[in-house]
Amino acid sequence: CQGNMIIVITHTICGPSDRETQRTYMFMIALSFSWICKALAAVVMKASITQIERRFGMTSSEAGLIDGSFEIGNLLVITLVSHFGAKSHIPRIIGTGCLIMGIGSILTASPHFFMEHYKYDSTLNGKPLENSTAIYTPCSTDLNSTSNNKSSVLLESGCKNESALPMWIYVLMGNMLRGIGESPITPLGITYIDNFANEGHSAFYIGILHSLAVIGLATGFLLASLCIKLYVDIGYVDLSTITIKPIDSRWVGAWWLGFLIVGILSIAAGIPFFFIPKSLEKPTNKRKISASLDISSTKENRSRRTNCKNPVQTKESKNLTGFFLSLKCILSNWMYLIYLISSLFTFSSFIGYITYLSKYLEQHFDQSMSKLNLLLGIIAMPTVSISVFLGGFISRKLKLKTLGIAKLFFISHICAITLKAMLPSFNCERRLVAGLTVTYDGYVTHPQNIPSSFCNSDCNCDPILWDPVCGDNGLTYMSPCLAGCKSSVGHGKDLVFHNCSCIEANHFQSRKASAHLGQCSRTDDCSRKFIYFMTMQTLSSFFFGLGGSPKIMLAFKNVEPELKSLALGLHFLVLRAIGGILAPIYFGAAIDSSCLKWATNNCGDKGACRMYDSISYRNIFFSLCLGLHVPVIILNIILFMIMKKKYGENNGSSNSGEIDVDESNLKEPLNNNIQFEASAHEDSETHI
């Protein structure tokens, strides 16, 4: 047990050498659990955002605001936590953060318990069938029929019950509170490990944390898949009366259940930290000291180059002026600025893409959200994890210098973009929906919303109702009434409508001209294209992950050694403040423009979108994603040319000023800028 192998299992078998080592292991176990919980919570939010959108009748841009509220809460306190937290009782602050994170998750789920049961658009809402022998007539000439007065009933009764404060505000506040609670976990946790772990063990412990975070991400997708598969009001309603399936755009899964589980686990993860002491005796002669936000609080000889133009140290570098001087040095570095702008475009594209990818696949390939999250958990996450590891391994194995790291990143990025540019080619045709994408005669037309026709003009239908049925003629109708159906048999999901005048008018020879609930299925060719899409997407994710580690190293390869932590902190601050918050909002607003059929809330206002124009959605979605990569490619070419000129084609380590990634860098003390960077870096990985 006294060899050079630093393995936690070995220490556990042989037993810790003293009480301080035991406490270090206890802290590592508690911190690992908290990392898993925060990764779990991040994935559950990303996977549930569409369910939240439908449950609260929101647009995609409003849902994007909720998604970005985590970044808002985190950025509000991360600097203060990193600066003052390192001087306080770190374990208790982390424990308090876990409790706040858990409370935030529970607050996110709380509206479910105070809202009425979810009521989706259905022709049966006003006249439910008590048994399978009852007959319901969708097409009625009675002017006082339920379907004809449905909208007015909602406006008169349901709108009066609406609270002045929308319930989704509590979801936003809960997500923001979760961001606040999560802020101390990564920066202070890494600081505590670096301060009191055995000399040389810090890098190994941090590697364990990142590995466990990947487990949290994969588990989060699996948990979200299970919750979304369950109906939102499970345990409160008779599921046999539910007429929609998980593939339906009106389906809302048990989104609240995931947040409730994560909240309880987060609170449990915070308890052990209150039993860990403020400091431990480090088994080395020197203890690592956490620096303040000012870089001048590090060792005296490392602050001599604070002034990038004048290497002589000044007294002003000891105060806040030194911080702004360092910031000026970074912002005057053209290579760093080009890299920063390029990273911002890349990160914005990634956040928008990952937020609305599931909705795109659901609308375009008729896949349920539950299935999509399952695929992401068992295929995408392992692929990305392996590729990120390979990127770091290749850089270390080949001992790549700055120019080599840049080449690896640029090549992998070009490959990933090329593969992603091929994704729009795997597409399915628009759904054939009478009155939206085709006429009632079956002729394809430009997407429009004309629900009425001569075949249903006498039915007194509600034109805003979305309860699609699939006719025997292969056309989807927006409701049984708009299909002109005059009778029905069955119960629940097995309900079938007969004598549909619009199907008969389409010259379809059928004895009963019937229609069943739900939209018509896609062709087998569309299912095969979904497989091709996922295969190409997985390959693209692999190359993105392959360039992940080199990309992070480029953030400090082109700056002065004593400025690298500040450079990383500024890097992730800009990414999260602009990309993490704004990208989901403007992506959502652009996607909303492709909506063909909107739902309406109790007050008659626009709610969630029920059906998108799949072609417009595809064009807008990928135009934004790939369009943001165009300036990235241009900036990367410029950056590579500048780096090549500076370092040379065969540049060695001398006279280059570059910083090799070796053990000496890993052993340096972590200052508060690194604490800030670590939190931002980890959150970006959580998004992945």
Side-chain angles (χ1 to χ4, degrees), residues 47-51 53-54 60 120-122 221 224-225 228-231 242-253 353 355-380 423-438 442 444 447 466-479 483 493-495 515-538 591 594-599 608-622:
S48 303
I49 194 65
T50 301
Q51 310 301 310
E53 174 185 335
R54 294 172 181 172
S60 296
Y120 54 88
D121 293 339
S122 175
F221 279 114
S225 175
I228 293 174
K229 193 174 184 179
L230 303 175
Y231 187 66
I242 304 301
T243 60
I244 56 177
K245 300 178 181 180
I247 198 174
D248 197 294
S249 62
R250 295 167 293 170
W251 176 270
V252 176
Y353 184 77
T355 301
Y356 297 105
L357 175 62
S358 297
K359 179 185 287 189
Y360 170 79
L361 297 177
E362 180 194 43
Q363 289 285 329
H364 205 79
F365 296 102
D366 290 347
Q367 302 296 323
S368 67
M369 288 288 185
S370 176
K371 179 181 178 180
L372 294 173
N373 283 293
L374 181 63
L375 291 176
L376 288 173
I378 64 177
I379 298 178
L423 294 179
S425 62
F426 304 108
N427 63 88
C428 301
E429 298 297 326
R430 289 189 180 98
R431 282 187 176 277
L432 302 180
V433 182
L436 285 180
T437 60
V438 297
V444 178
W466 176 257
D467 187 18
V469 294
C470 179
D472 290 339
N473 57 353
L475 292 182
T476 297
Y477 296 87
M478 287 181 274
S479 70
K493 297 182 179 68
D494 299 324
L495 191 62
H516 60 271
L517 288 173
Q519 300 186 59
C520 296
S521 302
R522 299 277 192 178
T523 61
D524 293 337
D525 183 60
C526 189
S527 299
R528 287 194 297 269
K529 289 182 178 179
F530 172 70
I531 298 176
Y532 301 151
F533 183 97
M534 291 302 297
T535 302
M536 197 66 66
Q537 170 60 43
T538 302
I591 291 172
S594 65
C595 183
L596 293 177
K597 186 67 176 178
W598 290 97
C609 183
R610 296 306 187 197
M611 179 180 173
Y612 293 90
D613 178 9
S614 59
I615 304 300
S616 296
Y617 193 144
R618 181 197 66 192
N619 295 338
I620 293 173
F621 186 55
F622 283 101

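Quick note: residue numbers are just sequence positions, from 1.
By the neighbour-count criterion of 12 heavy atoms within 6.0 Å, atom NZ of Lys529 is densely surrounded, having more than that number from other residues, nucleotides or ligands.
Separating the CG atom in Leu517 from the NZ atom in Lys493 is a distance of 10.0 Å, to the nearest 0.5 Å. A distance of 6.0 Å separates CG in Leu432 from CG in Leu475, rounded to the nearest 0.5 Å. The structure places CD1 of Ile242 at 9.5 Å from OG of Ser122, a figure rounded to the nearest 0.5 Å. With rounding to the nearest 0.5 angstrom, the CE atom of Met478 is 12.0 Å from the CG atom of Asp467. To the nearest 0.5 Å, atoms CD1 (Ile620) and CD1 (Ile615) are separated by 11.5 Å. In this structure, SG on Cys428 lies 7.5 Å from CG on Asp366, to the nearest 0.5 angstrom.
The shortest side-chain heavy-atom distance between Gln363 and Ser249 falls under the 4.5 Å cut-off. Residues Leu361 and Met534 meet the side-chain proximity criterion, which asks for heavy atoms closer than 4.5 Å. Between Arg618 and Pro424, the closest side-chain pair of non-hydrogen atoms falls below 4.5 Å. Side-chain contact between Thr243 and Tyr120 is present, with at least one heavy-atom pair separated by less than 4.5 Å.
In this structure, Arg250 contributes its side chain and Trp466 its backbone to a donor-acceptor pair below 3.5 Å. Ser370 places a side-chain N or O within 3.5 Å of a backbone atom of Ser225 that can act as its donor or acceptor partner.
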Item to check | Trace of the side-chain contact (heavy atoms from CB on, under 4.5 Å) decision for Tyr612 with Ser60 | outcome: CA-CA 12 Å; Tyr612 293 90; Ser60 296; 3.3 Å; yes
Item to check | side-chain contact (heavy atoms from CB on, under 4.5 Å) assessment of Tyr231 paired with Trp251 | outcome: CA-CA 8 Å; Tyr231 187 66; Trp251 176 270; 3.7 Å; yes
Checklist entry - side-chain contact (heavy atoms from CB on, under 4.5 Å) between Met369 and Lys359: does it pass, once the steps are laid out? => result CA-CA 8 Å; Met369 288 288 185; Lys359 179 185 287 189; 4.2 Å; yes
Checklist entry - Step by step, would you call Leu436 with Met611 a side-chain contact (heavy atoms from CB on, under 4.5 Å)? => result CA-CA 10 Å; Leu436 285 180; Met611 179 180 173; 3.9 Å; yes
Checklist entry - Under the ring pair (Phe, Tyr, Trp, His ring centres under 6.0 Å) criterion, do Phe365 and Phe533 qualify, and how do the steps go? => result CA-CA 10 Å; Phe365 296 102; Phe533 183 97; 5.6 Å; yes
Checklist entry - salt bridge (charged side-chain N to carboxylate O under 4.0 Å, His left out) between Lys245 and Asp248: does it pass, once the steps are laid out? => result CA-CA 5 Å; Lys245 300 178 181 180; Asp248 197 294; over 6 Å; no
Checklist entry - So Tyr532 and Ser425, side-chain hydrogen bond (donor to acceptor under 3.5 Å, both in side chains) or not? Walk me through it. => result CA-CA 10 Å; Tyr532 301 151; Ser425 62; over 6 Å; no
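In this model, a donor atom of one side chain and an acceptor atom of the other lie less than 3.5 Å apart for Gln537 and Tyr353.
Residues passing the side chain to side chain donor-acceptor pair (under 3.5 Å) test with Glu362 are Arg54, sequence neighbours excluded. Contacts of Arg610 classified as salt bridge (charged side-chain N to carboxylate O under 4.0 Å, His left out), with partners at least two apart in sequence or in another chain: none.
In this structure, Phe426 has its ring center no closer than 6.0 Å to that of Phe530.
Scanning all heavy atoms of the two residues, the minimum distance from Ser368 to Pro246 falls at CB-O, 4.0 Å. Counting all heavy atoms, side chain and backbone alike, Ser358 lies closest to Leu372 at O-CD1, 3.3 Å.
Using a 30° and 60° split on the angle between ring planes, Tyr360 and His364 fall in the parallel class, below 30°.
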